[in-house]
Amino acid sequence: MVRLILDSSTGGYPVLIGTNLGRELRNVITRLDPTGAAIVTDTNARPYAVKVAKAIKRAGLKTAIYAIPASERSKSIEQLQNVLGFLERQQIDRGGIVIAVGGGTVGDLAGFAAAVWQRGVRLVAVPTTLLAMVDSSIGGKTGVNGRKSKNAIGAFWQPSAVISDIATLESLPAPNYRDAFAEVVKYAVAMDRGLFDLLQRNSPRLLEGDTSMLERIVFRCVAAKALIVAKDERDRGPRAILNYGHTAGHALEAATGFRITHGRAVAFGMRVAARIALSRELCSRRLVESQDELLNAFGLPDQPPHVEPKRILAAMALDKKARRGKVAWVMPRRIGHAEVGHTIPAALVRRVVTRSLG
Ligand SMILES: NC(=O)c1ccc[n+]([C@@H]2O[C@H](COP(=O)([O-])OP(=O)(O)OC[C@H]3O[C@@H](n4cnc5c(N)ncnc54)[C@H](O)[C@@H]3O)[C@@H](O)[C@H]2O)c1
Ligand SMILES: [Zn+2]
């Protein structure tokens, strides 16, 4: 097991990464010494919530579980209301804790509930998807979707502890597991050359779910994200580097009506971004090729579903990260290093997107 202590404006918190962390969870809860605990999960992650409940009971605390339907649609104001009703019934007061057991959907929803309940109660995150471990559980972004816009309603709310039990990944549906490697490759290309080498050498082991290798890569991704979040907790500048591959990625998701997974869309977005960087002479052809090879090794295809390029370009202009219609691109310079804030001529974007769509 590895333990990192991350800094945030509201104090440091531990991130534990390992397997079968029941005892560690108990210790964490004992140290937080809450007046009550409420567990939020979804129908698929529920077995892990039951385990968490058992560990908590052993720490001498009463708890209950609320399971939302397993779906991105649960990231809604309606579900938020249900979760808040649950916290009310459980009589969670200012000294209580919310424990989120599940993927990013549960984490974002339960985290937001914790941020607003009683003007903020402590949150313990128990991520059970690879994406949640390497990305959504770190950095304090919580929230729900608006009727039309993703993540439109939310708050920054840092957790009091994150417990990433690699053993929970065993039951993940294969596409969700595999596609999360797009985000892992993102950290590697944009921020961590050592991680890139590790991924190149170990993609088969990782795809098989090798727990000790997973522990290593989750650790490196958390460290990479933590480094950047520490510089820019509120996402006003440097944190945009985490958006590498997401400009064209989000646009592809929107243009396909979210029929493509986020990970696949980000893989497409990284291929596009690197090709743009190459034509601007910001990176080498070798970078584009090694990134392609690594994405291929994780089964993240180079052939996205058929969409009209113009729909992707239109979606890009609507991106919420665009300011006054100008999109700020993250450009890779060399493996392990990317730069934020590049403005790219629309004609070049159109050319590369059209070519990448095959
Ligand atoms: N807050 C952030 O910084 C941040 C960052 C990235 C993504 N996100 C959000 O995260 C969400 C996506 O997260 P996700 O990929 O974890 O999706 P998810 O939470 O929807 O989980 C994917 C599927 O796996 C199931 N599941 C979860 N754990 C399981 C397990 N151990 N075994 C079997 N099934 C399991 C879920 O029920 C769901 O059906 C999106 O809503 C996205 O907006 C947030
Ligand atoms: Zn992402």
Side-chain angles (χ1 to χ4, degrees), residues 40-52 67-76 79 100-112 114-115 123 125-146 149-159 162 164-187 190 209 214 221-222 225-226 228-229 233-235 239-250 252-253 258 260-270 300 320-321 330:
V40 181
T41 189
D42 73 14
T43 40
N44 292 329
R46 200 169 197 287
Y48 301 111
V50 171
K51 278 195 183 162
V52 167
I68 60 167
S71 159
E72 172 76 22
R73 277 198 299 280
S74 289
K75 253 177 69 172
S76 65
Q79 274 305 337
V101 183
T105 302
V106 167
D108 282 10
L109 171 70
F112 188 39
L123 168 73
V126 182
T128 64
T129 66
L130 183 57
L131 181 114
M133 288 180 190
V134 301
D135 192 355
S136 60
S137 65
I138 307 296
K141 283 191 183 176
T142 71
V144 297
N145 299 325
S149 36
K150 207 168 142 57
N151 299 327
I153 309 153
F156 286 99
W157 193 246
Q158 300 292 341
V162 180
S164 288
D165 195 328
I166 302 291
T168 62
L169 300 180
E170 215 180 341
S171 55
L172 263 190
N176 181 279
Y177 177 71
R178 188 199 52 211
D179 293 356
F181 280 101
E183 302 284 359
V184 176
V185 172
K186 172 192 85 175
Y187 289 117
L214 275 165
C221 293
V222 169
K225 183 156 185 185
I228 205 75
V229 171
E233 206 172 294
R234 298 239 148 198
D235 200 5
R239 190 165 170 169
I241 196 169
L242 300 173
N243 216 33
Y244 175 52
H246 283 60
T247 304
H250 279 151
L252 179 66
E253 276 183 296
F258 292 88
I260 171 172
T261 67
H262 179 68
R264 289 178 150 229
V266 170
F268 169 78
M270 290 191 284
L300 291 156
K320 71 171 183 215
K321 299 236 159 80
V330 183

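In listed order, ligands and their atoms are each counted from 1. If you read the sequence from its start, that first residue is 1, and numbering goes on from there. Fair warning: this is a prediction, and the values are worked out from it, not measured in the lab.
Looking only at distances, a side-chain donor or acceptor of Tyr187 sits under 3.5 Å from a matching main-chain atom of Val134. Using modelled atom types, one side-chain atom of Tyr48 and one backbone atom of Thr168 make a donor-acceptor pair closer than 3.5 Å. Between the side chain of Thr105 and the backbone N or O of Ser71, no donor-acceptor pair lies under 3.5 Å.
None of Val222, Val162, Ile166, Val184 except one satisfies the side-chain contact (heavy atoms from CB on, under 4.5 Å) rule with Met133; the exception is Ile166.
Taking every heavy atom of both residues into account, Ser137 and Ala125 meet most closely at CB-CB, 4.4 Å.
Within 4.0 Å of ligand 1, counting heavy atoms only, the contacting residues are Asp42, Asn44, Tyr48, Ala70, Glu72, Lys75, Gly103, Gly104, Thr105, Asp108, Thr128, Thr129, Leu131, Asp135, Ser136, Lys141, Lys150, Asn151, Thr168, Ser171, Leu172, Pro173, Asn176, Lys225.
In this structure, Lys51 does not pair ionically with Asp165, as no charged nitrogen and carboxylate oxygen lie closer than 4.0 Å.
Seen from the Zn ion (ligand 2), atom OE2 on Glu183 and atom NE2 on His262 lie at an angle near 90° (rounded to 10 degrees).
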